[in-house]
Protein chains: 2
Amino acid sequence: MPDLSSRQVSQLPPLQAIRVFDAVARHLSFTRAAGELAMTQAAVSYQIKVLEERIGAPLFLRRPRQIVLTEAGQRLAPAVGEAFAILGQAYAAVRGGADGLLCVTTVLTFASNWLAHRLGSFQIAHPALAVRLETSSRLTDFAREEADIAIRSGAGKWPGLEAHKLFDADFTPMLSPKLAASIGGVKEPADLLRLPILDPGDIWWNEWFSAAGVHSHDLARRPGSSMGAQAYEANAAIAGHGVAILTRALFKAELADGRLIQPFDLVGDDGHAYWLVYPEARRNVPKIRAFRDWLLAEIAC
Amino acid sequence: MPDLSSRQVSQLPPLQAIRVFDAVARHLSFTRAAGELAMTQAAVSYQIKVLEERIGAPLFLRRPRQIVLTEAGQRLAPAVGEAFAILGQAYAAVRGGADGLLCVTTVLTFASNWLAHRLGSFQIAHPALAVRLETSSRLTDFAREEADIAIRSGAGKWPGLEAHKLFDADFTPMLSPKLAASIGGVKEPADLLRLPILDPGDIWWNEWFSAAGVHSHDLARRPGSSMGAQAYEANAAIAGHGVAILTRALFKAELADGRLIQPFDLVGDDGHAYWLVYPEARRNVPKIRAFRDWLLAEIAC
DNA sequence: TATGACCCATAAGGAGGCCTTATGCCGGAC
DNA sequence: GTCCGGCATAAGGCCTCCTTATGGGTCATA
């Protein structure tokens with residue numbers, strides 16, 4: 001049983017009764033107030049009676065053709081009206097404001113290598129929507145962080161969350177053409193070992209070399225991959241500092257314009273992928289739907 | 001079925017949920033808010049969830065040790081707080097204000113001949129209570145007129161009203177000593193007929209003369225008595241313009257100081273009385289109780 | 001004067017909002 | 001590792017609040 005300690009219990013009367021009173025005071029009619037409130041005249045009569053009994057004084061005088069406010073009612077009505085105006089305004093602002101700001105949290109690489117180029121087209125399509133982009137390497141907990149949508153990688157199953165697959169988190173070595181030329185070209189996987197390996201501890205290297213049939217026990221091992229922070233290694237690779245193992249979908253542009261080359265068709269895949277996720281319960285929130293639809297369409301291109 | 005026409009339906013979320021939100025926003029704790037609201041933590045959790053679903057966005061972030069407001073929550077909280085402050089203030093003012101003003105409606109004679117002398121002692125006993133005195137000859141309809149208490153005459157039974165008997169509405173002739181002396185004194189009822197009869201149409205005259213065994217068919221008859229407007233006739237009688245038929249209890253002072261004399265012990269009584277009445281439902285309203293107790297005590301003197 | 005329209009009050013009945021109890025889950029602290 | 005503090009969730013029941021139906025009272029019209 002809770003105690004009644006902290007703060008004086010305001011002991012406000014039933015709020016529903018006050019809302020009804022507000023409508024009646026504006027209309028000076030039970031019947032018309034009932035119309036506005038979408039309830040019956042009897043219900044309005046009941047609520048007013050409740051309020052009057054709670055206050056201990058009548059709020060309206062029942063005259064033949066109409067009702068009029070008593071002195072008590074006249075004192076109460078303006079304040080109630082103001083309070084509900086504030087409430088309604090704030091509520092509308094929150095709905096509007098919440099609709100106008102979209103918080104997307106994503107891993108860095110996806111933001112810089114994929115989203116950044118295309119976000120403009122989303123904002124043109126939805127000029128009323130402001131997008132706040134946050135990057136974080138940790139998984140997003142929607143209950144704990146303020147985010148509407150997250151881009152995360154994983155197996156695609158999270159309880160309570162709806163997930164749309166964007167693309168596979170595959171991996172394959174990439175390097176700058178200049179670096180490849182420096183050793184006369186990269187012809188077969190083993191050639192890579194003659195070059196600096198960027199982030200050799202990444203488990204992806206091990207998996208890829210195994211798949212390629214290359215013995216690579218001299219590479220350090222780390223429990224995870226650097227997925228999500230590929231942008232750093234990619235920059236190093238473009239600068240010619242070494243070979244990086246990267247996800248193709250994130251470097252389409254670099255591969256297309258020749259800043260990076262993918263020497264082998266062999267692509268590793270540990271079953272993980274990039275996903276767009278959001279709480280199931282919010283699946284129909286307009287701004288979330290807008291972003292989801294836009295992003296999936298872009299991915300499909 | 002009511003229609004939803006007039007005014008945009010504000011479509012506010014459940015008000016109870018907003019009240020709970022207000023408390024939670026102030027405490028930044030479901031548990032403590034539950035304490036303030038005298039409900040369980042589970043109920044608070046439920047209401048916040050309802051509100052969040054209605055708004056379409058979370059209002060709090062659930063962090064391990066505490067909760068914090070989301071951006072939406074931050075926007076909503078101050079307005080809600082303000083609205084409830086206004087509401088609470090107005091409500092308190094109405095209760096206080098209603099408690100501070102007592103509207104008494106009464107027949108003129110009672111006000112001028114009985115209440116006026118003694119009201120001072122009531123106001124001294126209840127300095128916080130302002131009394132507004134209204135006189136009206138009609139019966140008071142508490143649903144239609146703004147009154148807390150009424151003094152009315154009648155048989156003492158009105159549905160929905162509580163009535164306390166003040167004194168009988170008896171009647172007996174009164175006149176000024178000087179007028180009586182002008183005919184050598186009033187020895188027996190028939191002597192009165194040699195003097196001007198004030199308001200001879202009053203049914204009381206007829207009844208009294210009948211009871212006195214005096215034939216008085218020359219008096220005009222009117223359906224009712226002038227009870228409630230006796231003050232006018234009393235003034236005329238004091239001025240020596242004639243004989244009035246009056247209620248003893250209302251002219252104790254005049255009889256005591258000799259401005260009026262009551263020549264005969266014979267007193268008419270049609271069963272009516274003066275009553276103090278108020279709506280049953282308000283029997284325990286402090287100001288009503290105060291006035292009732294005071295008046296009954298004064299009457300008992 | 002009778003009749004209909006309008007408006008509020010009241011009674012009876014039922015649906016559902018809302019609260020409670022009980023329990024689970026999670027993170028942090030000792 | 002275990003306990004503790006705090007929120008979430010499920011099940012169940014009360015009681016508020018709404019609806020339908022009806023009555024009373026006043027005003028307007030015939």
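A quick note: this is a predicted structure, and the numbers were derived from the prediction, not measured. Chain identifiers are assigned alphabetically (A, B, ...) following the order of the sequence lines, protein sequences preceding nucleic acid strands; residue numbering begins at 1 within each chain.
For the pair A:Val107/A:Arg152, no side-chain contact is recorded, criterion being any heavy-atom separation below 4.5 Å from C-beta on.
Atom C1' of nucleotide D:dG24 and atom CZ of A:Arg62 are separated by 15 Å, given to the nearest angstrom. The distance between atom CD1 of B:Ile18 and atom P of C:dC18, rounded to the nearest whole Å, is 12 Å. In this structure, A:Phe30 atom CZ and D:dC18 atom C1' are separated by 16 Å, rounded to whole Å. Atom pair B:Ile48:CD1 and C:dG17:C1' shows a separation of 16 Å (rounding to whole Å applied). For the pair B:Glu53 CD and C:dG17 P, the interatomic distance rounds to 13 Å; values are reported in whole Å. Atom CG in B:Leu61 sits about 15 Å away from atom P in C:dG27, given to the nearest Å. Taking atom CG of residue A:Leu15 and atom P of nucleotide C:dC18, one finds them 11 Å apart after rounding to whole Å. In this structure, A:Met39 places its CE atom 15 Å from C1' of D:dT20, rounding to the nearest Å.
Checked against D:dC18, D:dC7, D:dT19, the side chain of A:Gln16 finds its nearest nucleotide in D:dC18. Which of D:dC18, D:dC27, C:dT10 sits closest to the side chain of A:Pro64 comes down to D:dC27. Closest approach to the A:Gln41 side chain among D:dT9, C:dA11, C:dC8 is made by C:dC8 (side chain taken as heavy atoms from C-beta onward). Listed nucleotides: C:dG28, D:dA21, C:dT21. Nearest to the side chain of B:Thr40: C:dT21.
Residue contacts shown for A:Thr31 are limited to sugar-phosphate atoms, with no base heavy atom under 4.0 Å away. Using a 4.0 Å heavy-atom distance criterion, A:Gln47 is classed as a sugar-phosphate-only contact. Counting any heavy atom pair closer than 4.0 Å across all strands shown, A:Tyr46 reaches a base atom.
By the neighbour-count criterion of 12 heavy atoms within 6.0 Å, atom CD of A:Gln74 is densely surrounded, having more than that number from other residues, nucleotides or ligands.
A ring-centre distance under 6.0 Å is not found for B:Tyr274 and B:His164.
Where B:Ala43 and A:Pro14 meet DNA chain D, the nucleotide closest to each residue was compared, and B:Ala43 sits on the side nearer the 5' end. Comparing A:Lys49 and B:Ala17 along DNA chain C, the residue whose closest nucleotide (by nearest heavy atom) sits nearer the 5' end is A:Lys49. Checking A:Ile67 against B:Val50, the closest nucleotide of DNA chain C that is more toward the 5' end is the one next to A:Ile67.
A:Arg62 and A:Glu52 are joined by a salt bridge, as a carboxylate oxygen and a charged side-chain nitrogen come within less than 4.0 angstrom of each other.
The CG atom of B:Leu101 sits 8.0 Å away from atom CD of B:Glu146, with the distance rounded to the nearest 0.5 Å.
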